[in-house]
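Data first, discussion second: the structure below is written as structure tokens.
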Amino acid sequence: MARTSPEEWERRLTEIAPELLAEIGAKKEPDKGLPGLEGSEGGVVMRFAPNPNGPPTIGSARGIIINSEYVKRYGGRFLLRFDDTDPVNKRPMLEAYGWYLEDSEWLGAVPDKVVIASDRLPEYYEIAIELIRRGGAYVCRCDQAAFKAKKDAAKPCPHRGQSPEENLALWRDMMNGGLGPGEAVLRIKTDIVHKDPALRDWAAFRIVTADHPRVGEKYRVWPLLDFESGVEDHLLGVTHIIRGKDLMDSERRQRYLYDHMGWVYPTTIHWGRIKIHQFGSFSTSALRRALEAGEYSGWDDPRMPTVRALRRRGIRAEALRKFMIELGVGETDISISMDSIFAENRKIVDPEARRRFFVKDPIPMEIEGEMPEIAKAPFHPTLDLGSREIPAGRKLLVSCDDLLNLKVGGSLRLKDLCNIEISSLDPLRARVIGTDPHQAREKKLRIIHWAPTDGVPVRVMRPDGVDSGIGELGVRDDLDQVVQFERYGFVRIDSVAEDEVVAYFAHR
RNA sequence: GCUCCGGUAGUGUAGUCCGGCCAAUCAUUCCGGCCUUUCGAGCCGAAGACCCGGGUUCAAAUCCCGGCCGGAGCACCA
């Protein structure tokens, strides 16, 4: 296949239309980070709208970070809105409201405004009434199955033709108790013969007599998501909505509501489902059940895919931000690995994390020969972070893992201390053959870390279990710091007691 | 069954709207090598992808059609 080269075309272009040449020269610029927002001229208002039925997860973090990042970029406003309108199936947790605030702030996304749907029922009622007056909504008294049958057949139900007056009267019955749960819903009139059955006359309000954790039994008519969310987005002046692809129909449904009211629909962006290798698929409700069944120590258990669990493990907000922004907002369902987040975190944490010795599954070792009584070890291999002194002694502890390929006569270096030769394996004995690190280097000795016998017991809480061992005493100075246990990994010192230190494992 | 959306290396991602700069970007992962008193960091190098088939065109990752695969909606959940 003979292709005409670009050069050839350029030459011919020069002959026939030289004024277009500039266009060829213009390079396309590669987009960095998030794509721009369309329709940002009139300002940008965005929201993250969770149901507070558990703490923010990594998925929530994506929503919080991307929305707030756009707002930062365009100088707009970031709203946090709690869509807590189902006291039964997705019952809100009172503590969770605060958790969202806390985690948003930690993620560097302090909301400009916080809205709680369960505070705003009166506003929703007013709009419902206006909608009925305009003939855009009707009270449907079909039971669920009957309506579905009608809808699937693209046939209107008998209540669709009621007059606004009739509907208003029935609405009052819903409000004042004349109608009970399951006896009526308010439906938005869309297009009953629409080719997509998902869009036909959807329910906007239903009757719920259960108490709500925040407002108790104050209301008995509650909005459904499409109404609440759609109305709030308008009321709050939201300009851009980012939501899951699973909610694509919401826009198409809500547009009917907007048309009835004469409102302008915000710009929408969709993203696909996010799955994380290390955690699999999870839902907040499923996690909550597992937690209540005692499978986890709490919402910040190191196995949890929550923001608070990552924080406890020493993952920095900045690492999460960079990662999420890099992910972007594609519509493809994605399956990510924590490795990328860890890599991002390592870059941030490595330069500031003090190095410490932690010996997992310690084995005592007796040493003979001339050696320093105190090891002087730098806090960082290349940066000047100072150093610490670790008292050594005739007896030291080394990790069981490091003994695996050891044999009598073999030699290695105890880091920052001395070079030894193994003289016996059981009991473990060695003799000093020198102290010079260069000697170790020349002989290509393996270098292992160690701990003094009077070090502090350390427990490391990991996603895959608990490691126990002994750490140098200095780890007690690093409460709440991310440190690197040499040859083990980065951990956050979570608690320090006289007789035990607990650390949470971040990553290698 | 009806409807909607997506498919670029192992994993993500840029490019797709407005076809030529794309023998395709960046990150991570993996594999080599260097460096290092850590199995960390750093440095160097390498490997690795346009779902398939047609069509339009001088030219297709990009436009059109069909197929395949994946996800989602059709709740008085969010």
Side-chain angles (χ1 to χ4, degrees), chain A residues 1-6 8-10 24-28 30-33 35 49-51 53 83-86 88-90 140 143-144 147-148 151-152 154 181-187 194-200 202-208 222 224-226 228-229 244-250 252-253 270 272-273 277 283-285 322-323 326-328 330-337 339-344 346-347 349-351 353 355 357 377-378 380-383 401 413-417 419 436-438 440-441 445-449 484-490 507-508:
Chain A
M1 190 190 297
R3 293 179 50 148
T4 310
S5 74
E8 170 69 2
W9 279 104
E10 189 171 345
I24 292 186
K27 284 267 179 198
K28 287 178 190 169
D31 278 342
K32 281 237 159 71
N51 177 335
N53 62 343
D83 288 348
D84 60 343
T85 53
D86 186 345
V88 180
N89 302 302
K90 296 217 168 155
C140 170
D143 70 55
Q144 215 168 325
F147 183 82
K148 180 175 167 49
K151 182 205 68 182
D152 286 346
E183 291 181 350
V185 296
L186 184 74
R187 286 190 188 284
H194 196 287
K195 65 174 182 168
D196 186 347
L199 307 191
R200 299 172 191 159
W202 48 275
F205 284 89
R206 82 309 205 183
I207 300 167
V208 181
W222 284 88
L224 277 322
L225 176 75
D226 279 316
E228 180 271 328
S229 177
K245 235 184 4 173
D246 53 324
L247 259 31
M248 265 184 167
D249 286 341
S250 278
R252 295 190 263 257
R253 275 193 283 258
H270 299 102
R273 275 239 176 282
H277 296 326
S283 70
T284 306
S285 341
K322 285 184 89 166
F323 174 77
E326 163 81 10
L327 262 195
E331 285 192 19
T332 332
D333 294 329
I334 55 174
S335 182
I336 58 165
S337 167
D339 288 350
S340 303
I341 293 177
F342 294 154
E344 213 62 74
R346 200 177 285 120
K347 283 178 200 159
V349 133
D350 182 84
R355 269 53 180 174
F357 285 165
H380 195 280
T382 50
L383 272 35
D401 294 346
R413 174 166 176 81
L414 297 173
K415 190 164 185 288
D416 301 311
L417 188 63
N419 309 326
D436 185 5
H438 299 100
R441 195 166 159 54
L445 295 190
R446 212 147 67 83
I447 297 161
I448 67 169
H449 63 287
Q484 189 205 50
F485 284 163
E486 295 202 45
R487 301 177 62 236
Y488 179 85
F490 292 91
H507 46 75
R508 289 210 62 97

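Throughout, protein chains are lettered first and strands after them, A, B, ... in sequence-line order, and every chain is numbered starting at 1.
Counting atom types as modelled, A/Glu486 pairs no side-chain N or O with a base atom of B/G40 as donor and acceptor under 3.5 Å. Taking 3.5 Å as the limit, the base of B/U28 and the side chain of A/Asp339 contain no donor-acceptor pair of atoms between them. Side-chain atoms of A/Gln484 and base atoms of B/U38 include a donor and an acceptor less than 3.5 Å apart.
In this structure, A/Leu225 reaches the bases: a heavy-atom distance under 4.0 Å links it to at least one base atom across the strands shown. Among the protein residues, A/Thr85 comes within range of the sugar-phosphate backbone only, with heavy atoms under 4.0 Å from sugar or phosphate atoms but none that close to a base. As judged by a 4.0 angstrom heavy-atom cut-off over every strand, A/Ala440 is placed among residues making no nucleic acid contact. Here A/Arg252 lies in heavy-atom contact (under 4.0 Å) with sugar-phosphate atoms only. When heavy atoms are screened at a 4.0 angstrom cut-off, A/Leu199 is found touching no nucleic acid atom at all. A/Phe490 comes within contact range of the sugar-phosphate backbone alone, with a heavy-atom separation under 4.0 Å but no base atom that close. As judged by a 4.0 angstrom heavy-atom cut-off over every strand, A/Asp416 is placed among the base-contacting residues. Among the heavy atoms of the strands, none lies under 4.0 Å from A/Gly272. A/Asn89 comes within 4.0 angstrom of sugar-phosphate atoms only, judged by non-hydrogen atoms across all strands, and of no base.
For A/Lys148 and B/A75, the shortest distance from a side-chain N or O to OP1 or OP2 is below 4.0 Å. Contact annotation: A/Lys322 does not reach the phosphate of B/A27 (side-chain N/O to OP1 or OP2, under 4.0 Å). Between A/Arg187 and B/C76 there is a side-chain N or O to OP1 or OP2 distance below 4.0 Å. Listed pair A/Lys195 / B/C4 meets the phosphate criterion, a side-chain N or O lying under 4.0 Å from OP1 or OP2.
Taking the nucleotide of RNA chain B with the nearest heavy atom to each of A/Asp196 and A/Glu228, the more 5' of the two is matched to A/Asp196.
Taking atom C1' in both B/C58 and B/G19, the straight-line distance is 12 Å, to the nearest Å.
A/Asp143 has no carboxylate O lying under 4.0 Å from a charged side-chain N of A/Lys148, or vice versa, which leaves the two without a salt bridge. Salt-bridge annotation for A/Arg346 and A/Asp339: absent, with no side-chain N of the basic residue lying under 4.0 Å from a carboxylate O of the acidic one.
When the nucleotides B/A27, B/A75, B/G1 are ranked by their closest atom to the side chain of A/Pro197, B/G1 comes out on top.
The base-pairing partner of B/C63, taking Watson-Crick or G-U wobble contacts with both distances under 3.5 Å, is B/G55.
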N/O-N/O pairs, protein side and nucleotides 31-36 of chain B side, under 3.5 Å:
from: B/U36; atom 1: OP2; to: A/Arg441; atom 2: NH2; distance (Å): 2.4

